[in-house]
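A, B, ... follow the sequence lines: proteins, then strands. Residue 1 opens every chain.
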Amino acid sequence: MKQNNSFNERTYDLLKKVPKGKVTTYKALAEKLGTKAYRAVGQAMRCNPYAPKVPCHRVVSSDGSIGGFSGNKNSNSKEVKRKIRMLNKESIKIKNNRIVDFEEKLFYFG
DNA sequence: CGGTTGACCAAGT
DNA sequence: GACTTGGCCAACC
């Protein structure tokens, strides 16, 4: 249990625990971290210094939408889109920027 | 320390 | 269903 790290470090560690073929939400992460800073989690993802270690593409909104980062027009948007395709392979189907059977793929810690 | 921002959420319009 | 408002919390200036 490493809690001496910064908030974002804990976020990454928790996100790392998400199994393959599953997704989680900012809310789940934040609440599991003992806070409600959903947005802070998002900021940590935006920073995302642990690209492959932290599957930010596996994090979605509570509505089942991929989030503002998938359709992002930034430079790294293509990277994410590629990850979305990978999610498709992981049995996570994305339809109209929404996850099919969202709750089914959702992985809540604990 | 205070104001702004952010990959959010929930509820209301 | 899309947009707006208020609220939450952390990071940045």
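Bounding nucleotides for the chain A contact on DNA chain C, 5' to 3', at a heavy-atom distance below 4.0 Å, are dG7(C) to dA11(C).
Remark: F107(A) engages F109(A) in a ring-ring contact (aromatic ring centres under 6.0 Å, His included) (not counting sequence neighbours). For D101(A), the side-chain contact (heavy atoms from CB on, under 4.5 Å) criterion is met by E104(A), K105(A), not counting sequence neighbours. S91(A) pairs by the side-chain contact (heavy atoms from CB on, under 4.5 Å) definition with nothing, not counting sequence neighbours. Applying the ring-ring contact (aromatic ring centres under 6.0 Å, His included) rule to Y12(A) yields the partners Y50(A); only residues at least two apart in sequence or on another chain are considered.
Shown for residues 30-43 of chain A: residues whose heavy atoms fall under 4.0 angstrom of DNA chain B, namely Y38(A), R39(A), A40(A), G42(A), Q43(A). Near-neighbour residues of DNA chain B inside residues 57-64 of chain A, defined by a heavy atom below 4.0 Å, number-ordered: S61(A), S62(A).
dA7(B) atom P lies 21 Å from atom OH of Y50(A), rounded to whole Å. Put simply, NZ on K81(A) is 15 Å from C1' on dA7(B), counting in whole angstrom units. Rounded to whole Å, atom P of dA10(B) lies 14 Å from atom OH of Y26(A). We find that CD1 of I66(A) is positioned 12 Å from P of dC8(B), with the value rounded to whole Å. When the P atom of dC9(B) is taken as reference, atom CG of L106(A) falls 11 Å away, rounded to whole Å.
Looking at L33(A), V54(A), V59(A) one by one, the single match for side-chain contact (heavy atoms from CB on, under 4.5 Å) with T11(A) turns out to be L33(A).
Between N8(A) and Q43(A), every side-chain heavy-atom pair lies at or beyond the 4.5 Å cut-off.
Residue contacts shown for F7(A) are limited to sugar-phosphate atoms, with no base heavy atom under 4.0 Å away.
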Worksheet item: Can you list the steps and then say if N88(A) with K93(A) is a side-chain contact (heavy atoms from CB on, under 4.5 Å)?
Response: CA-CA 5 Å; N88(A) 255 286; K93(A) 309 289 199 284; 3.6 Å; yes
Worksheet item: How far apart are the C-alpha atoms of D13(A) and K16(A), what are their side-chain angles, what is the distance that settles it, and do they pass the salt bridge (charged side-chain N to carboxylate O under 4.0 Å, His left out) test?
Response: CA-CA 5 Å; D13(A) 189 53; K16(A) 267 162 42 181; 3.7 Å; yes
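Heavy-atom distances to DNA chain C give each of N8(A) and R98(A) a nearest nucleotide, and the one nearer the 5′ end belongs to R98(A).
Transitive grouping of hydrophobic side chains (ILVMFWY, heavy atoms separated by less than 4.5 Å) brings L29(A) and Y108(A) into a common cluster.
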Acceptor/donor pairs from residues 18-27 of chain A side chains to any protein atom, 3.5 angstrom cut, sequence neighbours excluded:
residue: T25(A); atom: OG1; partner: K27(A); partner atom: N; Å: 3.4
residue: T25(A); atom: OG1; partner: A28(A); partner atom: N; Å: 3.0

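Annotation: ring-ring contact (aromatic ring centres under 6.0 Å, His included) contacts involving residues 82-104 of chain A, sequence neighbours excluded, are absent.
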